[in-house]
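Remarks on the structure that follows.
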Amino acid sequence: MLKIYNTLSRQKEVFQPMTPGVIKMYVCGPTVYNYIHIGNARSIVAFDTVRRYFEFRGYEVQYVSNFTDVDDKMIKAAKEEGITVPQLADRYIQAFNEDTTALNVEPATDHPRATEYIPQIITFVQKLIDNGYAYVVDGDVYYRARHFKNYGALSGQSIDDLETGASEHVDPEEVAKKEDPLDFALWKAAKPGEINWESPWGKGRPGWHIECSVMSTDHFGPTFDIHAGGQDLQFPHHENEIAQSEAATGEKFVNYWMHNGFVTIGQDNEKMSKSLGNFVTVHDLLKAEDPQVIRFFMATTHYRRPIQYSQANLDEARANLEHLRNTFHNLQYRLKDATSGTDGDVQRQLAQFRDRFTEVMDDDINVANGIAVVYELMKFANQYVEQAAVQREPLVAIQVMLKKLLQVFGIEISLEAQSQDQEIEALIKQRDAARAAKDFALSDQIRDTLKARGVIIEDTPQGTRYRKE
């Protein structure tokens, strides 16, 4: 029975989508004024992994993730570079697509851009004004937070505590305009030289929170299954989304809220963020690291737990991934001398591995326990290939099961790619010939040459094989 931890209720709940077999899932995407950093990628990879598990369980996932392509940061960055906001957005959306493709993130069903929804946003804001939840001051439109009776439920804070927190994040000029410090902007009047759109309240642009309410409900209707994003979005962004959406529609906004933990860095486990200047971009990291290692590093930690970014943790992920790759190599190698036939015991054990994997992953997508099952399957696979006689069908079945489970984590190990490198194969044949001729000096020299390339030779009863360190 699949259970999801719902941030709103603060407990695990049995997951029941509104439409049987179909999941409507909205994930807050990046503000595209720079390359995504590892902290941004954590959310992207975490919920791509959640999506992949839903698909593994047989669901159709309608997955929408937005681009915030206009806000204060974008206006500032575009001005500094002497380009327009749309030009800046186009550049970093392209970079986002390149980086996430490298991390093997499945394309979203749709990637809406906020600026494509200006008419819908204006209509939505006007409805909030008409309903008495919003008011206009000098071309700005603000939402009356205290008018929404459940404000603070998602973040679990009293409205007085939220007011104190909100007052620390706005400038005095804006506070002076508001009826209440807790109120937040739905529409911002344009300043000279800023990108803007015509509206009933004058030229301006949308506030950040209203964009996601409009884009998500435009795609899914007033109520949908899952809304997800980083833990830092819980307040104020998601809290405000609930308030303005339910005030406009009169219906429950989201059934399940999911939030991922932070990426931390350094000995003090400081949260990685652009504002703190302690971030590492995926764009830069991909120049030095195997993208599958980065993916494995992030996808195998439970989405609600923090991840500590360090070279040591990347190295551990690389080593674990290499063990899995070597297992595929071992299975592929034994196909050379395998006989035809099936093995009912292997098939039964593979079914048990799949059942255990599903059982642990059904517990709030517990990838840490899920990858532990994969490691058990890896051990079983390596024990099987060490048998004196093996059969082709079980070898292929083990490969297929490993491949299927690893795909949930976004790890792709191509069966075709396991064919031995021609140059390495030629050196191994040369070494085998040298050993047969008792030219042990040449045999050792070839072994050392391969070792220097990170290739380890293993002499087995079935012949010489190799693995990469």
_Min side-chain heavy-atom separation D71-W208 under 4.5 Å_ = no

*Would you call R318 and E322 a salt bridge, taking side-chain N to carboxylate O under 4.0 Å as the test?*
no

*Is there a side-chain contact between K24 and M18, using heavy atoms and a 4.5 Å cut-off?*
no

*Do L395 and R392 come close enough that some side-chain heavy atom pair is under 4.5 Å?*
no

*For Y92, what residues pass the ring pair (Phe, Tyr, Trp, His ring centres under 6.0 Å) criterion, not counting sequence neighbours?*
Y35

*asked:* Within the structure provided, determine whether E60 and E55 are in side-chain contact (heavy-atom separation under 4.5 Å).
replied: no

*Rounded to the nearest 0.5 Å, how far apart are CG of D225 and CE of M258?*
11.5 Å

_Do I159 and L182 make a side-chain contact, defined as non-hydrogen atoms from C-beta onward lying under 4.5 Å apart?_
yes

*How would you list, by chain and number, every residue that makes a ring pair (Phe, Tyr, Trp, His ring centres under 6.0 Å) with F353, sequence neighbours excluded?*
F380

*Identify the two heavy atoms, one from A248 and one from L128, that lie closest to each other, and give their separation to 0.1 Å.*
N-CD2, 3.8 Å

*Set of salt bridge (Lys or Arg N to Asp or Glu O under 4.0 Å) partners for E81, sequence neighbours left out*: R91

*What is the minimum heavy-atom distance between G29 and N66, and which atoms define it?*
N-OD1, 2.8 Å

*Show the numbers, then the answer: is there a side-chain contact (heavy atoms from CB on, under 4.5 Å) between F296 and D290?*
CA-CA 10 Å; F296 195 84; D290 179 349; over 6 Å; no

*Going by atom types only, do E386 and N382 share a side-chain donor-acceptor pair under 3.5 Å?*
no

_Working note: F15 + Y256, criterion ring-ring contact (aromatic ring centres under 6.0 Å, His included); need CA distance, chi angles, decisive distance, verdict._
CA-CA 8 Å; F15 179 68; Y256 303 88; 5.0 Å; yes

*What residues form a salt bridge (Lys or Arg N to Asp or Glu O under 4.0 Å) with R295, not counting sequence neighbours?*
D48

*Could you tell me whether a side-chain N or O of S245 sits under 3.5 Å from a main-chain N or O of S213, the two making a donor and an acceptor?*
no

*So how far is it from I23 CD1 to Y63 OH, rounded to the nearest 0.5 Å?*
12.0 Å

*Hey, could you give me the CG/CG distance between L405 and L377, rounded to the nearest 0.5 Å?*
6.5 Å

*Could you state the interatomic distance from CG (L103) to CD1 (I36), rounded to the nearest 0.5 Å?*
6.5 Å

_If you compare all heavy atoms of I398 against all heavy atoms of L350, which two are closest, and at what distance to 0.1 Å?_
N-CD1, 3.9 Å

*Do H209 and F184 pass the ring-ring contact (aromatic ring centres under 6.0 Å, His included) test, and can you show the C-alpha distance, the side-chain angles, and the key distance before you say yes or no?*
CA-CA 9 Å; H209 313 301; F184 56 88; 5.5 Å; yes

*Can you name the residues that form a side chain to side chain contact (heavy atoms under 4.5 Å, CB included) with D345, not counting sequence neighbours?*
D343, R348, Q349

*In terms of ring plane angle, is the pair F224 and F220 parallel, tilted or perpendicular, where the classes change at 30° and 60°?*
tilted

_N260 side-chain N/O to R304 backbone N/O, donor-acceptor pair under 3.5 Å_ = no

_Exam field: side chain H219 to backbone M215, donor-acceptor pair closer than 3.5 Å_ = yes

*What pair of heavy atoms forms the shortest contact from C28 to H227, and how long is it?*
SG-CE1, 3.4 Å

*Within a reach of under 6.0 Å around CZ of R305, are more than 12 heavy atoms found that belong to other residues, nucleotides or ligands?*
no

*For F67 and T115, what are the C-alpha separation, side-chain angles and deciding distance, and is it a side-chain contact (heavy atoms from CB on, under 4.5 Å)?*
CA-CA 9 Å; F67 291 122; T115 55; over 6 Å; no

*Could you tell me whether the side chain of N6 and the main chain of N255 form a donor-acceptor pair under 3.5 Å?*
yes

*Apply the test side-chain contact (heavy atoms from CB on, under 4.5 Å) to residues H238 and H259: give CA-CA distance (whole Å), side-chain angles for both, the deciding distance (0.1 Å), then the verdict.*
CA-CA 10 Å; H238 291 163; H259 294 92; 2.8 Å; yes

_Which residues pass the ring pair (Phe, Tyr, Trp, His ring centres under 6.0 Å) test with F124, not counting sequence neighbours?_
none

*Closest approach of M74 to T68 (non-hydrogen atoms, all atoms of both residues)*: SD-O, 3.4 Å

_Test side-chain contact (heavy atoms from CB on, under 4.5 Å) on Y26 and F47; report intermediate values, then the result._
CA-CA 10 Å; Y26 184 91; F47 294 116; over 6 Å; no

_Note, V385 side chain near V390 side chain (heavy atom, < 4.5 Å)_ = no

*Going through the distances and angles, do R205 and D72 end up as a salt bridge (Lys or Arg N to Asp or Glu O under 4.0 Å)?*
CA-CA 10 Å; R205 57 186 170 85; D72 292 335; 2.3 Å; yes

*asked:* Show every salt bridge (charged side-chain N to carboxylate O under 4.0 Å, His left out) that has at least one partner inside residues 369-383, sequence neighbours left out.
replied: R356-E376

*For G370 against F409, the heavy-atom pair lying closest together*: C-CZ, 3.9 Å

_Separation between CD1 of I413 and OG1 of T327, rounded to the nearest 0.5 Å_ = 8.0 Å

_Taking side-chain hydrogen bond (donor to acceptor under 3.5 Å, both in side chains) as the definition, give me every residue that meets it alongside K73, ordered by chain and number, with sequence neighbours left out._
none

_Pairing residues for Y384 by the ring pair (Phe, Tyr, Trp, His ring centres under 6.0 Å) criterion, not counting sequence neighbours_ = none

*asked:* For the backbone of F253 and the side chain of E246, can you confirm whether one donor and one acceptor N or O come within less than 3.5 Å of each other?
replied: yes

_What I'd like to find out is whether the side chain of V254 reaches to under 4.5 Å of the side chain of I242, using heavy atoms alone._
no

*S155 side chain to Q234 main-chain N or O, any donor-acceptor pair under 3.5 Å?*
no

*Counting distance only, does the side-chain N/O of N366 pair as donor-acceptor with the main-chain N or O of M361 below 3.5 Å?*
no

*Do side-chain atoms of S65 reach the backbone of V27 as a donor and acceptor pair under 3.5 angstrom?*
yes

*salt bridge (charged side-chain N to carboxylate O under 4.0 Å, His left out) contacts in which one or both residues fall within residues 1-22, not counting sequence neighbours*: K12-D363

*Quick one: does N104's side chain get under 4.5 Å of V45's, heavy atoms only?*
no

*Can any side-chain N or O of E239 pair as donor or acceptor with the backbone N or O of L154 at less than 3.5 Å?*
yes

*Apply salt bridge (Lys or Arg N to Asp or Glu O under 4.0 Å) to D218 and list each qualifying residue two or more places apart in sequence or on a separate chain.*
none

*Who are the salt bridge (Lys or Arg N to Asp or Glu O under 4.0 Å) partners of R113, not counting sequence neighbours?*
D69, D90

*Check for a donor-acceptor pair, side chain of Y53 on one end and backbone N or O of T358 on the other, with a separation under 3.5 Å.*
yes

*asked:* Within this structure, what is the CG-CG distance for the pair N369 and D364, rounded to the nearest 0.5 Å?
replied: 11.0 Å

